[in-house]
Every structure is written in C-alpha cells, then in structure tokens.
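The structure under discussion appears below in the form of structure tokens.
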Amino acid sequence: MRNIKLTWVALIAGLTLLWLQAEPILTASYPFFTLRAAILQYTGILGIGVMSVGMLLALRPVRVEPWLGGLDKAYRLHKWLGITGLVIAITHWAWVKVPKWAVGWGWLVKPKRGPRAEETVAIFRFFREQRDLAESIGEWAFYAAVVLIAIALIKRFPYQHFFKTHQLLAAVYLLLVFHAVVLMNFSYWSQPVGPVMALLMAGGSVAAVMSLRRKVGLRRRALGTIEALVHHPDNRVLKVSIKLQGHWPGHKAGQFAFVTFDPAEGAHPFTISSAWQGDGRMSFLIKGIGDYTGQLPDTLRVGQPATVEGPYGRFSFTGEKTRQVWVAGGIGITPFIARMQALALAPDGREVDLFYSTSAPDAAFINKVRQRAEDAGVKLHVLVSQRDGRLDARRIAAAVPGWKTADFWFCGPAAFGGALREAFTAQGLPAADFHQELFDMR
C-alpha cells in the first residue's frame, strides 16, 4: 500500500511542479479571468495525466508488479486514479461553467477580448480552428466519463455490463485526449510539461486502442478445456480443473489469472489453487458470491473451452523469516491451498500456522484442506464463526506466541485484513511484515 500512495502522490506532485514551471502563477498577479484560464490548464493537465496513467495500468503491465506489490495493488491504484480523475474533471467543468453563469447573472463582468495575434505555427493555427469542436467534444465526453466511472464504482452493477461499459471509457479517453491536445496552452509545448504530457497521452492512447480491440493480455493467454468439476454445495465453492493446450509460463503459489468461460461475460480474476508441475494442469476454487459465479455449477461442463490469462500477482510467500502466519477468510483459503501443495513437493523449512476462518463450513472441503496441511507440515487452525466466534488478533497471538518473529500473509475480506493489520502493527509488528492480497478488481 505504501508504494501505491507514493506513486499517486508523486504523479500529482510531478504534474503540478511541471505546470508551475510553465505557468508563473506564484510570482505574478492574475486578474480573475486570467487566473481562471490558468486553473483550467492546471486541472486539464492533472485530469488527462492521471487518466493516462490509469489507461496504462489497464494494460496489466507485469513490469510494475514488483514496485506496486502485484497486479491487485496496480488495480487499486487504477481505481484511485479513476476517482481522482473524476474529481478533477468535475472541478475543471465547474471552473468552465460557474464563471459563465456568474456573468449571465450579472455577478461578474467578463473583460472584452481584443483581436488575437495571427498564429504563425501551422499546427497551432489548426488547433485554434478546432477550439469550438474540442470544447464541445470535451463537455460531452466529460458527461459520459462521469456516468461510466460511476457505473464502475457501483459494485451492484452486474459485472457483465460493467465489463462492456468500462471498455467505453477507452473511447471517451481518446476524445478527451483530442480536447486536451487542442486546448492546452500553446506555450506549454516548449516547456518540459509539453513533452511529458505528449508521452503520457501517447501511451494512454495506445492502451485505449488495445482495450477497444480487446488485445489487453493477449500474449499471456492460453487456451484450455475444463477437465473436471467438483462442487462443494455447503460453502458454495466450485473447483474447476483446466488442462491447458497452449503455452503457459508456469505460476507460483499465490498468483491469480483471468479466466474466460463465456466470451460474452468477459474474463474474471480467480486465484490459482494448484501448484505448477509443468503438466499443463491447473485448478481454481470459485466461490458463488454473485449472479455469475453462483450459476457456474449449473452452466460449466467438462470438455468446455476456457481461456486463461496470466499469471499475475506477488502474493509469493517469500521472506527471510523462518516462521509464517497465514490467515484465510472464506474463499481466501485458495492461495494457501496452492502453497501447501507446493510445500508438500518441496518443503522450505519454515514453521507455518494457518488460520482458516469460515462461516459456511463444508466437511468434505475442510477435510481436503486438513490433508493438504498435513502433507505440507502446516499447523492448521479451523474456526467456524457460528461455533467459535470471530477470529481476531488476540486469538492468533495466543495460538502463536512467537508471532512477532513471523511474516503474516492474509487473503480474505479487505476489512478483516485491515483490522488484523492495524491490531498487529499497533503491537509492534512492522507494517512490511503484513502481506495482504487486495483481490478487488472494481
């Protein structure tokens, strides 16, 4: 999380400093409408800048995973940038509209504009001719962006429709790039802010075109077929085993992939629940928590094709400490099952305690988890919430007296993980020793 915050702050601060270098607003006295024009440039640069980085992150770039801590963290930053872009866009729109309304109401008097000097640079002369079109396109693109970003943030909106409407943001972004290029102050292009914005918008535009053409992650996709299905009805978990036919680079325990069973539905992210053994086989444990995943036991069939894209993620169980504490909430048990399978094949000598908290116990499923733990030499603590109460930091610390010397790995509900992180760090655990998967792509 720390690197996500640093990246967000660095982006906002960097764009601000570049704009200040080009616009001497701190050393000059601006009348209101001149100040308004400068602020419109600033909010425009910030808005299109954060949207551009957001578009680049939508490409699922694996090279940023080491810095951000995994694609799940990159998607969290993508979400923050989307919200930031929305707030800045609304601010930009308000600075356009409110002074115009104030003039119309007689609250402000707009100074008369003298004749403009003839533009000698051909490209800038063309931009000046397109100003009215760019302003109109920008306004309508703004309205579309507000609606589409709102849909993306409202989780009750069905994923299938979210998947389709979210792609439209790429088209809206391209319209906003045209708006920004035409209306950016011509003098900025000869300042450092100009080339930086050109690079950001060029990169974002490439990403937008790839998204519209559904080319994101194309090189990391492998075709396969469903080999086996096992349904655990008591905890609404479906195990899907897939035999890949295409190339797969292999994966580590704790990583996830985007799986497409139905092209009309789109790809969904699922944690891989099996260790890689080089035979082209992998499995996923899918919890029926929504309309789509809840219907999978009835809609999937053995022999059905599937597309797997990945692997992604940095939930890797690495570290120098010889003791680890794993905490799984509900379907968050999945990466730990994969890790236990890997440890059964190649033990690493660490002492591991696994706390598995569930509100929907399935006897057969829990027995399989117990067997995996026994094979891997992991000490398993199963807590059924209705019977044993809520799992908290106090109970974990009582069961593992040496917890201060351990690395913590958590996968489950975000609020649950946040509460454990806060409790343990308050008692002296370094924040860097608590690893949490932010498995939330919206």
Side-chain angles (χ1 to χ4, degrees), residues 1 4 65 68-76 232 235-239 251-259 268-275 282-289 293 310-319 324-343 350 352-361 365-366 368-369 372-373 376 378-383 385 390-393 395-396 400 403 406-425 429 431-442:
M1 290 293 289
I4 298 177
E65 285 196 295
L68 295 178
L71 187 65
D72 57 317
K73 311 299 190 302
Y75 265 81
R76 179 60 61 91
H232 299 277
N235 61 358
R236 295 175 290 127
V237 171
L238 178 67
K239 180 180 179 181
H251 58 265
K252 298 179 181 178
Q255 290 191 296
F256 66 93
F258 288 87
V259 185
H268 284 250
F270 300 117
T271 299
I272 304 169
S273 63
S274 58
M282 61 171 51
S283 59
F284 300 88
L285 295 174
I286 302 174
K287 179 83 169 183
I289 55 177
T293 53
Y312 298 106
R314 303 283 292 184
F315 198 75
S316 57
F317 301 95
T318 56
Q324 291 188 344
V325 175
W326 302 348
V327 184
I331 198 59
I333 189 65
T334 304
F336 303 111
I337 291 176
R339 180 58 178 166
M340 288 189 292
Q341 185 179 346
L343 287 177
R350 288 189 175 93
V352 179
D353 285 82
L354 167 58
F355 293 84
Y356 173 36
S357 176
T358 177
S359 60
F365 184 83
I366 291 177
K368 290 184 178 181
V369 174
R372 291 290 188 196
V378 170
K379 186 176 181 180
L380 177 65
H381 311 259
V382 177
L383 291 93
S385 56
R390 185 171 178 270
L391 177 64
D392 56 19
R395 299 182 74 162
I396 295 173
V400 187
W403 63 268
D407 278 322
F408 280 71
W409 297 83
F410 174 90
C411 186
F416 181 20
L420 290 179
R421 175 192 292 271
E422 184 177 346
F424 280 116
T425 54
L429 182 75
D433 290 344
F434 193 101
H435 309 272
Q436 179 177 356
E437 178 137 274
L438 302 176
F439 208 67
D440 186 0
M441 298 300 160
R442 293 183 65 181

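In this chain, residues are counted from 1 in sequence order.
Across every non-hydrogen atom of Lys252 and Gln255, the tightest pair is N-OE1, 2.9 Å. Heavy-atom minimum distance, Ile366 versus Pro361: CD1-CB, 3.8 Å. Heavy atoms only, all atoms of each residue included: Arg421 and Thr425 are closest at O-OG1, 2.7 Å. Nearest heavy-atom pair across Ala328 and Leu354 is CB-CD1, 4.4 Å. Thr271 and Phe284 get closest at one heavy-atom pair: O-CD2, 3.5 Å. Of all heavy-atom pairs spanning Gln341 and Ala275, the tightest one is OE1-N, 3.3 Å.
Every residue meeting the side chain to side chain contact (heavy atoms under 4.5 Å, CB included) condition with Arg236, not counting sequence neighbours, appears here in chain and number order: Lys287. For Ser385, the side chain to side chain contact (heavy atoms under 4.5 Å, CB included) partners are Ser359, not counting sequence neighbours. For Tyr312, the side-chain hydrogen bond (donor to acceptor under 3.5 Å, both in side chains) partners at least two apart in sequence or on another chain are Glu309. Applying the ring-ring contact (aromatic ring centres under 6.0 Å, His included) rule to Phe424 yields the partners Trp403, Phe408; only residues at least two apart in sequence or on another chain are considered. Evaluation of the side chain to side chain contact (heavy atoms under 4.5 Å, CB included) rule for Gln324 yields Phe317, Trp326, Arg350, Val352, Asp407, Trp409 as partners, not counting sequence neighbours. Shown here are the side-chain hydrogen bond (donor to acceptor under 3.5 Å, both in side chains) partners of Ser316, two or more places apart in sequence or in another chain: Thr318.
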Is there a side-chain contact (heavy atoms from CB on, under 4.5 Å) between Leu383 and Tyr356? Walk through the geometry before answering. CA-CA 6 Å; Leu383 291 93; Tyr356 173 36; over 6 Å; no
One pair to check against side-chain contact (heavy atoms from CB on, under 4.5 Å): Phe410 and Phe416. What are the steps and the verdict? CA-CA 9 Å; Phe410 174 90; Phe416 181 20; 3.6 Å; yes
Between Val259 and His268, is a side-chain contact (heavy atoms from CB on, under 4.5 Å) present by the stated rule, with each step listed? CA-CA 5 Å; Val259 185; His268 284 250; 5.9 Å; no
Quick one, Phe365 with Leu285, criterion side-chain contact (heavy atoms from CB on, under 4.5 Å). Give me CA distance, side-chain angles, the key distance, then yes/no. CA-CA 11 Å; Phe365 184 83; Leu285 295 174; 3.9 Å; yes
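Judged by distance alone, the side chain of Glu437 and the main-chain N or O of Cys411 form no donor-acceptor pair under 3.5 Å.
Between Arg76 atom CZ and Ile4 atom CD1 the span is 6.5 Å, to the nearest 0.5 Å. In this structure, CZ on Phe315 lies 8.0 Å from NZ on Lys73, to the nearest 0.5 angstrom.
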Check: residues 332-340 side-chain donor-acceptor pairs under 3.5 Å, at least two apart:
residue, atom, partner, partner atom, Å
Thr334, OG1, Ile331, O, 2.8
Arg339, NH2, Asp348, OD2, 3.0

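Ring planes of His381 and Phe355: parallel class, angle under 30° (limits at 30 and 60°).
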